[in-house]
Trainee: 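Structure in structure tokens, see below.
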Amino acid sequence: MLETLSLTGELIERTSSTIRVQEMVQLSLAPVFLLAGIGAMLNVMNLRLTWLFDRIEMIERMEETGEDYRETEELPALIQRQRFAQLAVKLSTMAALTICIVIAILFISAFIEPRIGTLVAILWIATMAQLSVALALFYRETSLAAATAKERRRRSREILARSRGDDWSD
């Protein structure tokens, strides 16, 4: 009991320092700005992903009616773009979560004895890796989106051929 009171008193003493708390807030500003940037990026990615979902759903409804629309030929390419976009969103979300953990650890580290700078560095590197892959996937999706309708149909035929195991392509 006495040991618990001593530990509690020590923790209160460490956290009562306004200067120490200010230092932690200053240290967490860079990750917070990164978090805001990831949020903005996620907004753009989610808008594209929503458009892809809506377009795929519309084309699938066209297919169900049995009418022959040229747009139905583009479905495999749209599904591929959707996968790239979904993975980019997932990785960006994981990066945002990792940054939140970094911010929490930065605050905690000010009030505990064990130094956890290595953990913060590893998490920061993991965040950068997640963001790099997410941005590469997003770049790939937007590059595919810039294709003409004819190119998208050709790409869809190639995707279908690969999924069937055919060796030919246009």
Side-chain angles (χ1 to χ4, degrees), residues 25-109 116-170:
V25 170
Q26 288 171 344
L27 280 176
S28 66
L29 282 180
V32 168
F33 281 118
L34 179 60
L35 189 58
I38 293 170
M41 197 171 67
L42 274 168
N43 188 33
V44 172
M45 288 179 181
N46 276 320
L47 286 173
R48 293 187 69 82
L49 191 56
T50 301
W51 182 89
L52 283 164
F53 279 133
D54 291 344
R55 180 84 172 142
I56 289 169
E57 187 176 311
M58 182 192 73
I59 291 173
E60 286 175 341
R61 278 196 304 265
M62 288 177 175
E63 273 187 330
E64 288 173 3
T65 64
E67 297 181 42
D68 188 26
Y69 293 104
R70 291 206 68 139
E71 289 92 352
T72 59
E73 293 178 44
E74 297 177 27
L75 193 57
L78 287 171
I79 291 171
Q80 184 184 51
R81 283 180 52 201
Q82 176 190 6
R83 287 185 186 129
F84 286 137
Q86 277 181 304
L87 193 51
V89 167
K90 286 178 183 178
L91 284 168
S92 297
T93 303
M94 297 255 321
L97 178 61
T98 307
I99 283 297
C100 288
I101 293 168
V102 166
I103 293 167
I105 289 173
L106 284 172
F107 270 93
I108 292 168
S109 71
I116 49 180
T118 303
L119 178 60
V120 170
I122 290 168
L123 290 172
W124 189 267
I125 291 167
T127 299
M128 292 300 112
Q130 292 164 339
L131 282 177
S132 296
V133 174
L135 288 170
L137 289 165
F138 188 62
Y139 174 78
R140 181 73 174 131
E141 189 277 324
T142 56
S143 296
L144 293 173
T148 65
K150 184 177 179 180
E151 291 169 334
R152 288 191 305 269
R153 287 190 294 273
R154 181 184 54 77
R155 180 153 191 79
S156 289
R157 288 190 297 274
E158 289 172 359
I159 292 168
L160 287 173
R162 275 190 304 242
S163 70
R164 288 190 307 255
D166 297 344
D167 290 328
W168 62 271
S169 63
D170 290 357

Trainee: With sequence neighbours excluded, tell me which residues meet salt bridge (charged side-chain N to carboxylate O under 4.0 Å, His left out) with Glu57.
Mentor: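 Glu57 satisfies salt bridge (charged side-chain N to carboxylate O under 4.0 Å, His left out) with Arg61 once adjacent residues are dropped.
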
Trainee: In Å, rounded to the nearest 0.5 Å, how long is the span from CD of Glu74 to CZ of Arg154?
Mentor: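 The CD atom of Glu74 sits 12.5 Å away from the CZ atom of Arg154.
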
Trainee: Does Thr50 have any side chain to side chain contact (heavy atoms under 4.5 Å, CB included) partners at least two apart in sequence or in another chain, and if so, which?
Mentor: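 Applying side chain to side chain contact (heavy atoms under 4.5 Å, CB included) to Thr50 gives Asp54.
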
Trainee: Kindly write out the residues that satisfy side chain to side chain contact (heavy atoms under 4.5 Å, CB included) with Gln86, not counting sequence neighbours, or none if the list is empty.
Mentor: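 Per chain and number, Gln86 pairs via side chain to side chain contact (heavy atoms under 4.5 Å, CB included) with Leu49, Phe53, Gln82.
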
Trainee: Do the side chains of Leu131 and Leu34 get nearer than 4.5 Å, heavy atoms only?
Mentor: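 Yes, their side chains come closer than 4.5 Å.
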
Trainee: My understanding is that only residues two or more places apart in sequence, or in another chain, count here; which of them pass side chain to side chain contact (heavy atoms under 4.5 Å, CB included) with Ala30?
Mentor: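 If we apply the side chain to side chain contact (heavy atoms under 4.5 Å, CB included) test to Ala30, skipping adjacent residues, there are no hits.
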
Trainee: What's the separation between atom CD in Gln130 and atom CG in Leu123, rounded to the nearest 0.5 Å?
Mentor: 9.0 Å

Trainee: Not counting sequence neighbours, list each pair that qualifies as a salt bridge (charged side-chain N to carboxylate O under 4.0 Å, His left out) and has a residue in residues 87-101.
Mentor: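 Listed once each, the pairs would be none.
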
Trainee: On a heavy-atom basis, which atom in Val89 and which in Leu42 lie closest, and how many Å separate them?
Mentor: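 Minimum heavy-atom contact is O-CD2, 3.7 Å.
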
Trainee: Once rounded to the nearest 0.5 Å, what's the spacing between atom CD1 of Ile116 and atom CD1 of Ile108?
Mentor: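 One finds 6.5 Å between CD1 of Ile116 and CD1 of Ile108.
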
Trainee: Step by step, work out the side chain to side chain contact (heavy atoms under 4.5 Å, CB included) result for Arg55 and Ile59.
Mentor: CA-CA 6 Å; Arg55 180 84 172 142; Ile59 291 173; 4.0 Å; yes

Trainee: Filter on salt bridge (charged side-chain N to carboxylate O under 4.0 Å, His left out), then keep only pairs touching residues 122-135, sequence neighbours left out; what's left?
Mentor: none

Trainee: Give every residue pair that meets the salt bridge (charged side-chain N to carboxylate O under 4.0 Å, His left out) criterion with at least one member in residues 120-135, sequence neighbours excluded.
Mentor: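 Of all non-adjacent pairs touching residues 120-135, none passes salt bridge (charged side-chain N to carboxylate O under 4.0 Å, His left out).
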
Trainee: Please report the shortest heavy-atom distance between Ser156 and Leu75, naming the atom on each side.
Mentor: OG-N, 4.1 Å

Trainee: What pairs with Arg155 under salt bridge (charged side-chain N to carboxylate O under 4.0 Å, His left out), at least two apart in sequence or on another chain?
Mentor: none

Trainee: In Å and rounded to the nearest 0.5 Å, what is the OG1 to CE distance from Thr93 to Met41?
Mentor: 9.0 Å

Trainee: Distance from Glu60 atom CD to Met58 atom CE, nearest 0.5 Å?
Mentor: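 If I round to the nearest 0.5 Å, the distance is 11.0 Å.
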
Trainee: Can you sort out the partners of Pro31 under side chain to side chain contact (heavy atoms under 4.5 Å, CB included), two or more places apart, ordered by chain and number?
Mentor: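 For Pro31, the residues satisfying side chain to side chain contact (heavy atoms under 4.5 Å, CB included) (neighbours in sequence not counted) are Ile99, Val102, Ile103, Leu106, Trp124.
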
Trainee: Could you give all pairs that pass the side chain to side chain donor-acceptor pair (under 3.5 Å) test and reach residues 137-147, with sequence neighbours left out?
Mentor: Arg48-Glu141, Arg81-Glu141

Trainee: Does anything in residues 120-137 pair up under salt bridge (charged side-chain N to carboxylate O under 4.0 Å, His left out), and if so which pairs, sequence neighbours excluded?
Mentor: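 Applying salt bridge (charged side-chain N to carboxylate O under 4.0 Å, His left out) to every pair that reaches into residues 120-137, excluding sequence neighbours, yields nothing.
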
Trainee: Test of understanding: with side chain to side chain donor-acceptor pair (under 3.5 Å), list the residues that count as partners of Ser92, not counting sequence neighbours.
Mentor: none

Trainee: To the nearest 0.5 angstrom, please state how far the CD1 atom of Ile56 sits from the CD atom of Glu63.
Mentor: 11.0 Å

